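This report refers to the structure that appears directly beneath it.
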Amino acid sequence: MTTRVIVVDDQAMVRAGFAALLAAQSDIDVVGEAPDGAQGVELSRRTHPDVVLMDVRMPEMDGLEAARRLLAPPPGVTHRPRVLMLTTFDVDDYVYEALRAGASGFLLKDAPPADLIAAVRVVAAGDALLAPSVTRRLIADFAKQRPVARGNPALRLKALTERETEVLTHVARGQSNSEIARTLVLAEQTVKTHVSRVLTKLDLRDRAQAVVFAYESGLVAPGEQ
């Protein structure tokens with residue numbers, strides 16, 4: 001199955017380079033490019049990509065606002081691509097906000113080409129790009145700067161079983177299913193099932209939103225290991 005991708009970045013050479021790299025893959029089809037968030041949203045509405053590579057900082061409309069519009073479309077618009085944020089900085093407030101809006105993760109612009117290709121495939125498959133330790137640091141850093149959300153998020157945790165809460169805690173610490181399985185002495189498929197149930201019960205789109213939820217509900221505190 002071919003993954004349809006668009007690249008949204010205000011730097012023409014960066015945009016062209018990413019597009020050429022991805023287009024060279026037999027399972028990826030680059031269906032368009034845009035120089036800013038507003039044009040990126042319009043292009044996505046027309047081409048219906050599976051994944052949008054979205055730069056964070058752009059003129060006219062930044063990547064955060066564009067991600068919000070793509071992931072919370074107006075009535076009548078049913079297409080919602082997965083959004084992978086691109087940033088020059090490993091700690092960026094915009095990226096945290098994009099994760100809250102529903103983006104599936106982020107990637108540094110200077111990451112090796114193989115990492116970009118792998119990231120698109122991971123996000124297209126429905127997972128979140130949360131393995132790198134820098135992602136855990138980013139979320140922890142910005143969680144420190146925001147008061148823990150009270151009320152609704154904490155109450156929603158009560159819908160989870162003890163084991164599901166335990167699994168969510170490990171997800172929030174950036175562990176993969178295989179790492180969680182080893183830690184809790186469970187089969188990896190069992191962990192996958194627990195993660196799926198957590199997302200369903202909490203009405204979350206993917207692991208990225210699960211991590212943000214875990215911090216904002218107070219389940220995990222910044223700096224915990």
Side-chain angles (χ1 to χ4, degrees), residues 51 54 56 63-64 67-68 71-72 80 82-87 89-108 111 115 118-119 122-184 186 188 191-225:
V51 177
M54 182 78 73
V56 171
L64 173 58
R68 285 176 175 149
L71 297 168
R80 285 206 314 167
R82 294 191 175 273
V83 177
L84 178 61
M85 305 302 296
L86 295 166
T87 179
F89 309 99
D90 64 352
V91 175
D92 192 316
D93 194 25
Y94 280 117
V95 177
Y96 178 88
E97 294 298 340
L99 290 174
R100 292 188 66 190
S104 293
F106 85 100
L107 191 70
L108 295 178
D115 285 2
V122 165
V123 170
D127 207 346
L129 196 68
L130 286 172
S133 60
V134 66
T135 308
R136 296 197 294 271
R137 188 173 76 247
L138 179 145
I139 294 174
D141 284 349
F142 287 108
K144 281 187 225 177
Q145 299 172 26
R146 293 170 172 77
V148 173
R150 300 298 179 187
N152 190 41
L155 288 174
R156 285 163 64 191
L157 280 174
K158 295 182 179 180
L160 304 183
T161 66
E162 184 177 346
R163 178 62 86 184
E164 289 165 353
T165 302
E166 193 173 19
V167 168
L168 175 58
T169 299
H170 288 283
V171 168
R173 291 170 181 162
Q175 292 188 342
S176 66
N177 287 349
S178 60
E179 290 171 334
I180 296 172
R182 287 195 298 272
T183 301
L184 301 181
L186 296 171
E188 188 170 344
V191 173
K192 186 175 181 180
T193 298
H194 283 313
V195 171
S196 178
R197 287 175 179 167
V198 167
L199 297 180
T200 299
K201 287 184 177 182
L202 298 179
D203 192 26
L204 302 173
R205 189 178 186 191
D206 55 28
R207 293 171 84 101
Q209 288 195 325
V211 171
V212 173
F213 178 91
Y215 277 103
E216 293 192 330
S217 67
L219 177 64
V220 177
E224 287 185 354
Q225 298 298 322

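Only a predicted model underlies this, so the values are computations on that prediction, with no experimental measurement involved.
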query: Are V198 and L160 side-chain neighbours, meaning at least one heavy-atom pair lies under 4.5 Å?
result: yes

query: Side chains of V195 and V171: closer than 4.5 Å at any heavy-atom pair?
result: yes

query: Quick one: does S196's side chain have a donor or acceptor within less than 3.5 Å of a partner on K192's backbone?
result: no

query: Does L71 offer a backbone N or O that forms a donor-acceptor pair with the side chain of R80 under 3.5 Å?
result: yes

Listed by chain and number, what are the side chain to side chain donor-acceptor pair (under 3.5 Å) partners of [X], not counting sequence neighbours?
X	result
S178	S176
E166	R163
K201	E164

Shortest non-hydrogen contact from [X] to [Y]?
X	Y	result
A67	M85	CB-SD, 4.3 Å
G63	M54	CA-CG, 3.6 Å
L107	L84	N-CD1, 4.4 Å

message: To the closest 0.5 Å, what do you measure between CG (L168) and OG (S217)?
response: 7.0 Å

- prompt: Could you give the distance from OG1 (T169) to CG (L219), rounded to the nearest 0.5 Å?
  reply: 3.5 Å

task: Would you check, one step at a time, whether the test side chain to side chain contact (heavy atoms under 4.5 Å, CB included) holds for T183 with H170?
output: CA-CA 9 Å; T183 301; H170 288 283; 3.5 Å; yes

message: Going by the rule side-chain contact (heavy atoms from CB on, under 4.5 Å), which residues pair with L204 if we only count those two or more places apart in sequence or in a different chain?
response: R156, L199, L202, Q209, A210, F213

field: Residues which pass side-chain contact (heavy atoms from CB on, under 4.5 Å) with A72, listed by chain and number, not counting sequence neighbours
entry: none

- prompt: N177 and side chain to side chain contact (heavy atoms under 4.5 Å, CB included): which partner among H194, R207, R182?
  reply: R207

